[in-house]
Number of protein chains: 2
Amino acid sequence: MINNRSKAVTIIKIAEKSGFSKSTVSLALQHSPKIKKSTRKKILKVARELGYVYNRSAANLRKPHSNLIGLVINDLTNPFFSELAVAIEQELGSSGYVVVLVNTSENIEKQEQVIRSLSEHNVKGVIVCPALGTPNNFIGHVNQYGMAMVTVARPIPHQKCDFISVDGDNSIFLTTEHIIAQGARNLAFVGGEEGNAAFEHRLAGFHRAIKNNQAKVDSFTINPCAINRNAASKVTQSLLATEPQPDGIICYSDLVAFGVYSGIQRCGKRVGIDIAVTGMDNIQGASDVHPSLTTTEVFIEAIGKRAAEVLLKRLSAPEIPFSNYSISAELLIRESSSLSGG
Amino acid sequence: MINNRSKAVTIIKIAEKSGFSKSTVSLALQHSPKIKKSTRKKILKVARELGYVYNRSAANLRKPHSNLIGLVINDLTNPFFSELAVAIEQELGSSGYVVVLVNTSENIEKQEQVIRSLSEHNVKGVIVCPALGTPNNFIGHVNQYGMAMVTVARPIPHQKCDFISVDGDNSIFLTTEHIIAQGARNLAFVGGEEGNAAFEHRLAGFHRAIKNNQAKVDSFTINPCAINRNAASKVTQSLLATEPQPDGIICYSDLVAFGVYSGIQRCGKRVGIDIAVTGMDNIQGASDVHPSLTTTEVFIEAIGKRAAEVLLKRLSAPEIPFSNYSISAELLIRESSSLSGG
DNA sequence: ATGAAAGCGCTAACAA
DNA sequence: TTGTTAGCGCTTTCAT
């Protein structure tokens, strides 16, 4: 029932049956222009009849390139990252690459293992969302293995590689400005882990907006927490138990905002009435929660597409200088940032 | 900066530098017991110094097995499936396999491409959550390529392969019974696509519970829709615009329930007060929404672990008969299934 | 337009 | 315990 690969059909079998030589078959299979159309047709027909399967292990041994690209993601259960992964995979896949997608679960050791493993499979390049706390020498490891790397969403400290960032600073600046314009006076920033660059960027946007509106802001607090619903809900509940209670919560991301919703509701308050809430990312579901979430559109698909393009570019031109790309975010005003509860 | 694999260090280089032969090096690298400990140590040391990277393409050419397993998922942006994928990947990874994770986006053609592509990479087995509408001959294709397959979460019609199912029938039976016990009299089942086996199973559980409680149920409706928040929210809103309005909504899954929450709230009703709602799966976030979601614990991790085990078993014993596994679900009563609004 | 032949890096008999 | 040798299936000059 299940074919044994050991008695696999090879180009030699095709050669025998079609009457051409091994090399002609190989060329024909690669759609080489050197082969006459009619013979290619014959060869492809025989290949189909025999159930031939191209053996990339063998090809890789001779060819300098493989069609394998690694996609190393810190947390696939976070919708932002899974949507990003899907976008990258789609782009790379449509360019003929096979994407090896791996989840590191924010585990640095696993991340190192994964890199080694990918290198053994002759992977030429990787796109990575680095796990929290990824050290700078990680880049060196990747390069030692002969792979190009581009990071996305999170930079590695002092990194010397291509990077596609999300527009965290400006995103949070936009949402903070908006929430102040809505009349919030006691602000809270919720979510993210200290020491992480993405967190610092977003915090910078928060502070910038506050400086920009000093007269209007009575108080503000910073409340880091793990980037998941549960942690955000808990932080919010304790936040609401302290004075002055915030009337505007700027969240690290949409996922955090979902947790904040729950924390607010558990305290008997209403989102978009008693407390204005904003997110960032515009993940699936941000428009479907109630009240719908005011957030920033960071264009996940565009980021993924760009990351794929940059890696492909890097692979074809290894010597060009490293670059940072950032795709501008846009404010998306929905219901959660209203403040009509007095 | 980036090593060129073409001038890669091979076991021959290690042999030269260490003074042993190629085969001794090969055996040593494989931790063969035939090689003296001391020489293995020397060889490993030289390998490290040279920055040797094992070339699996070359090894695959000789060995009957690769360490590659394919994980083919219908929709990675659905939390149930991404959590399942992560669980499977973890289990397989800790057994030394490299998992090639691919997202098919419910696209049957992409699914076929993916299978072909995996076979070219000498993948020995795949775990797949089939895309909607996957035809029965898909199994034949997979087997023609010499790969073993186990399906998980969704069966393929009349399939002849191992299958790990989620306990849909009983899950929905449990939630429906519970919601009736809570006092709901006008029931609605929301979510899922007609013709899909998983949908039919869950529906069967729904009907079974209704038969079981005929005297208590005044009316019920079936409302299929795509398995995402947005579709569920819309269906719910139109559902609540018709008479008799349901006071109990049994959802196809937690993700659907999230959409139902939003639909209910948009109509000015309250979940767990005016309308009881239940989900299925217990994905991350089910306990964090407000009100917390009554659902069934289907043990995603256990399902993933079992799927991995079954595939590994199949690979080592291709001839044993196919089996179906189902892990029993348990009812998880939380806030959303209350009914105190009279 | 097609064929012959060498060799990619590795494993696995078989010898020694 | 270690070395010798023959390929695995493919690509790719170089001939023809």
Side-chain angles (χ1 to χ4, degrees), chain A residues 3-44 46-47 50-68 119-122 124 145-146, chain B residues 3-44 46-47 50-68 119-122 124 145-146:
Chain A
N3 275 335
N4 194 338
R5 178 79 168 249
S6 58
K7 48 180 170 178
V9 6
T10 71
I11 53 172
I12 297 195
K13 296 240 171 66
I14 300 179
E16 284 166 1
K17 186 156 182 215
S18 68
F20 292 96
S21 77
K22 201 172 102 166
S23 9
T24 304
V25 172
S26 173
L27 259 1
L29 256 23
Q30 299 176 71
H31 285 227
S32 159
K34 300 183 156 190
I35 302 307
K36 238 200 311 190
K37 271 215 159 171
S38 61
T39 76
R40 167 153 83 233
K41 260 194 178 162
K42 286 177 207 158
I43 288 175
L44 289 181
V46 173
L50 258 32
Y52 171 73
V53 176
Y54 184 68
N55 184 334
R56 281 190 195 270
S57 290
N60 282 175
L61 220 45
R62 299 296 336 242
K63 290 216 272 200
H65 311 298
S66 80
N67 74 145
L68 243 36
S119 74
E120 294 181 352
H121 284 282
N122 203 16
K124 283 306 172 214
Y145 287 137
Chain B
N3 275 336
N4 195 337
R5 178 77 170 251
S6 58
K7 48 180 171 178
V9 5
T10 72
I11 53 171
I12 297 195
K13 295 239 172 68
I14 300 179
E16 284 166 1
K17 187 156 182 216
S18 67
F20 292 95
S21 79
K22 203 173 99 166
S23 11
T24 304
V25 172
S26 175
L27 261 359
L29 256 24
Q30 298 176 68
H31 285 227
S32 159
K34 300 184 155 189
I35 301 307
K36 239 201 309 191
K37 271 216 158 170
S38 61
T39 75
R40 168 154 82 232
K41 261 195 179 164
K42 284 179 208 159
I43 287 174
L44 289 180
V46 174
L50 257 33
Y52 171 73
V53 176
Y54 184 68
N55 184 336
R56 281 189 194 270
S57 290
N60 281 175
L61 220 45
R62 300 298 338 240
K63 290 216 273 201
H65 309 298
S66 80
N67 74 145
L68 245 33
S119 74
E120 293 181 352
H121 285 282
N122 203 16
K124 284 305 172 214
Y145 288 137

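Below, chain A is the first sequence line, B the second, and so on; all start at residue 1. As a basis for the values below, the full set of heavy atoms in this structure was taken, side chains included, without hydrogen atoms, waters or symmetry mates.
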How would you label the contact of Thr39(B) with the nucleic acid (heavy atoms, under 4.0 Å): base, sugar-phosphate, or nothing?
sugar-phosphate
Spacing of Asn67(B) atom CG relative to dC10(C) atom P, expressed in whole Å:
15 Å
Could you give the CD1-to-P distance, from Ile11(A) to dT12(D), as a whole number of Å?
11 Å
Between atom CZ of Arg56(A) and atom NZ of Lys63(A), what is the distance when rounded to the nearest 0.5 Å?
7.0 Å
If every non-hydrogen atom of Ala58(A) is compared with every non-hydrogen atom of Leu61(B), which pair is closest and at what distance?
CB-CD1, 3.4 Å
Starting the side chain at C-beta, find the nucleotide from dT2(C), dG3(D), dG3(C) nearest to Thr24(B).
dG3(D)
Whole angstroms only, please: what is the CG-C1' distance between Leu29(B) and dT11(C)?
12 Å
CA sep, side-chain torsions, deciding dist, call: Thr39(A), Phe20(A), side chain to side chain contact (heavy atoms under 4.5 Å, CB included):
CA-CA 9 Å; Thr39(A) 76; Phe20(A) 292 96; 3.6 Å; yes
Reckon Lys63(A) touches a base, only the sugar-phosphate, or nothing at all at heavy-atom distances under 4.0 Å?
sugar-phosphate
Of dT12(D), dG9(D), dA6(C), the nucleotide closest to the side chain of Asn55(A) is dG9(D)
On the side chain of Arg62(A), is there an atom forming a donor-acceptor pair with the base of dG7(C) - under 3.5 Å, no angle test?
yes
Compare the minimum distances between each of dA12(C), dC10(D), dG3(C) and the side chain of Ser21(A), then state the nucleotide with the smallest one.
dG3(C)
Between P on dT11(C) and CD1 on Ile43(B), what's the gap in Å once rounded to a whole number?
13 Å
In this structure, how many angstroms lie between the P atom of dG9(D) and the CG atom of Asn122(B), rounded?
10 Å
For Ile14(A), which of Leu44(A), Thr24(A), Ile43(A) qualifies under side chain to side chain contact (heavy atoms under 4.5 Å, CB included)?
Ile43(A)
Given 3.5 Å as the limit, does a donor-acceptor pair link the side chain of Ser18(A) with the main chain of Val46(A), or not?
no
Rounding to the nearest 10°, end axes of the helix from dA1(C)-dT16(D) to dA16(C)-dT1(D) built from five pairs each make an angle of 30°
Just the rounded figure in Å: distance from P of dT11(C) to CZ of Phe20(B).
18 Å
Among dC10(C), dC8(C), dG9(C), which is the nearest nucleotide to the side chain of Leu61(B)?
dG9(C)
Proximal nucleotide (of dT12(D), dT2(D), dA1(C)) relative to the Lys36(A) side chain
dA1(C)
Are any of Ser26(A)'s side-chain N or O atoms less than 4.0 Å away from OP1 or OP2 of dT11(D)?
yes
Rounded distance in Å - CD1 (Ile12(B)) to C1' (dC8(C)):
10 Å
Keeping Ser57(B) on the side-chain end and Asn60(A) on the backbone end, is there a donor-acceptor pair under 3.5 Å?
no
Reckon Lys34(A) touches a base, only the sugar-phosphate, or nothing at all at heavy-atom distances under 4.0 Å?
base
Base, sugar-phosphate, or nothing: which does Thr10(B) touch, judged by heavy atoms less than 4.0 Å apart?
sugar-phosphate
Looking at side-chain heavy atoms only, is the closest gap between Leu68(B) and Lys124(B) below 4.5 Å?
no
Against the side chain of Ala58(A), the closest entry in dA1(C), dG9(D), dG9(C) is dG9(D)
Taking atom P of dT13(D) as reference, at what distance in whole Å does atom CG of Leu27(A) sit?
11 Å
Nearest 0.5 Å please: distance from the CG atom of Asn55(A) over to the NE2 atom of His121(B).
10.0 Å
